There are 2 protein chains.
Amino acid sequence: MAARIPTQKKILNAAEMLFSRDGFEQTSLRQITQEAGVNLASVNYHFGSKKALIQAVMARYLVVFMPVLEEQLKLAEQQSELKTEELFKRFKIPLAKLTEVNKHGPDIFLRLLGFAYSEIQGHLRKYTQQEFGEVLQHLMALLKRANPHLDEQQMFWRLHFILGAAVFAQVSGQALIEIAEAEFNQKVGAQDVIDHLIPFVSGGLEEA
Amino acid sequence: MAARIPTQKKILNAAEMLFSRDGFEQTSLRQITQEAGVNLASVNYHFGSKKALIQAVMARYLVVFMPVLEEQLKLAEQQSELKTEELFKRFKIPLAKLTEVNKHGPDIFLRLLGFAYSEIQGHLRKYTQQEFGEVLQHLMALLKRANPHLDEQQMFWRLHFILGAAVFAQVSGQALIEIAEAEFNQKVGAQDVIDHLIPFVSGGLEEA
DNA sequence: GCATGATTTAAACATGCGTTTAATCTAATT
DNA sequence: AATTAGATTAAACGCATGTTTAAATCATGC
């Protein structure tokens with residue numbers, strides 16, 4: 001018993017935990033390797049660089065998340081009437097799928113994504129844009145169909161505001177959740193935050 | 001002629017330019033002092049530390065912005081009917097006042113504020129909260145009056161989403177503005193971004 | 001059971017940061 | 001003109017980071 005966990009997985013798990021808690025830049029390789037119980041040099045041996053490790057951590061979730069999201073958007077596309085809020089709600093399905101990667105997969109992934117966007121590291125922006133670009137354009141097209149009363153410029157800015165609200169909610173997430181829990185005396189999960197977020201961004205986008 | 005500019009002001013100007021362009025953490029004292037044409041050690045001599053320099057840069061704008069904002073909120077308070085969008089629009093007055101500090105004062109201040117909130121440096125969070133806390137609570141109370149249909153929890157989360165959208169818009173600001181200008185063939189200022197932001201956050205907040 | 005290639009290890013490397021030091025220069029006062 | 005307090009300077013300090021090195025260890029196939 002005590003199935004031996006390969007070094008790479010040990011590193012990925014420790015990195016994921018620390019990245020999602022503190023952010024990419026704020027987490028050092030020394031913290032990661034200590035947490036993982038492996039040698040400092042093994043990150044560069046197995047992954048090549050910190051950048052590559054970050055991408056590997058993201059990849060574990062993206063390969064699950066992306067196809068399911070794309071599938072959901074295709075389903076939405078086939079419907080005759082297209083409502084904004086319904087479109088956003090479809091994000092919940094690929095998100096829920098991430099529990100298969102990790103019990104707290106959805107929470108972790110959203111926080112990672114938040115840091116990926118808020119830390120303006122070029123390589124990460126390029127990477128996520130590369131991974132997300134197509135799907136985001138798909139989403140944009142559908143949102144335009146659902147909101148024909150908005151012109152290109154309004155749509156452009158509002159989409160980025162939405163992104164900002166979502167990212168900020170995740171990055172400030174744990175601190176905010178703790179405040180909310182203390183304030184309202186009830187447990188709050190990342191999923192609950194999403195449930196608050198969806199009507200907000202829908203209302204903001206649809207506003208005349 | 002060629003009125004001699006004191007070292008402190010040279011440092012503040014250079015720091016402000018670099019901080020608002022790249023963020024606080026991303027800007028080193030060596031960059032600042034080189035840009036200002038002064039010695040590296042003079043920052044610590046005149047300001048004590050980098051932290052203190054950051055606060056000094058913020059202070060030049062806060063001392064102008066805050067009293068005018070508070071004044072506007074007081075005016076809003078006296079009105080019988082309180083509309084969300086009108087409340088947000090009142091931010092434009094203290095913001096416009098910042099042109100007295102610097103021609104691009106509003107743009108610069110908003111970006112600085114964005115970085116102040118997105119970079120989770122404890123001391124900055126504490127500082128801005130200390131400066132802003134009272135006014136933010138004032139705003140929160142007024143928004144509650146304008147939106148009696150929302151419960152405490154909805155209000156809590158939506159306010160933070162709004163903050164996120166605003167912060168993100170400013171931090172990603174220059175990149176987004178450049179994209180928008182290329183896309184729509186017209187000049188875009190930070191003020192224009194605000195004009196797009198206000199209906200979005202108003203709609204999002206009011207949503208049933 | 002040994003040879004070989006993959007892995008792990010401790011140590012050093014190179015770089016950049018904020019800060020401090022101590023000497024030098026400047027300008028006003030006596 | 002000498003003194004003195006303030007301002008500036010070049011250099012170094014101490015620390016943390018990601019990365020690289022080269023030796024030691026491990027595991028696997030013959």
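This one's a predicted model, so the numbers in the text were calculated from it and none came from an experiment.
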(request) Classify the nucleic acid contact of Thr33(A) as base, sugar-phosphate or nothing, counting any heavy atom under 4.0 Å across all strands shown. (result) nothing
For the [atom1] atom of [X] and the [atom2] atom of [Y], what is their distance to the nearest 0.5 Å?
X	Y	atom1	atom2	answer
Ile11(B)	Ser42(B)	CD1	OG	4.0 Å
Phe19(B)	Ile54(B)	CZ	CD1	4.5 Å
Leu53(B)	Asn44(B)	CG	CG	9.5 Å

Roughly how many Å is it from [atom1] in [X] to [atom2] in [N], rounded to a whole number?
X	N	atom1	atom2	answer
Arg30(B)	dT15(C)	CZ	P	14 Å
Gln31(B)	dG18(C)	CD	C1'	13 Å
Leu29(B)	dT19(C)	CG	P	6 Å
Lys51(B)	dC17(C)	NZ	P	18 Å
Glu25(B)	dC17(C)	CD	P	13 Å

(request) Could you verify whether a donor N or O on one side chain and an acceptor N or O on the other, from Gln154(A) and His196(B), lie under 3.5 Å apart? (result)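 No pair is found: no donor N or O on one side chain lies under 3.5 Å from an acceptor on the other.
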(message) Of all nucleotides in DNA chain D that come within under 4.0 Å of a heavy atom of chain A, which is furthest toward the 5' end and which toward the 3' end?
(response)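 Nucleotide range with atoms under 4.0 Å of chain A: dT17(D) to dT21(D).
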Among residues at least two apart in sequence or on other chains, which ones pass salt bridge (Lys or Arg N to Asp or Glu O under 4.0 Å) with [X]?
X	result
Glu152(B)	Lys144(B)
Asp195(A)	Lys92(A)
Glu35(A)	none
Glu71(A)	none

(request) Under 4.0 Å from any atom of DNA chain C, heavy atoms only: list the residues of residues 38-48 of chain B that qualify, in numerical order. (result)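 Output list: Leu40(B), Ala41(B), Asn44(B).
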(request) Kindly say if Ser28(B) contacts the phosphate of dC17(C), meaning a side-chain N or O under 4.0 Å from OP1 or OP2. (result) yes
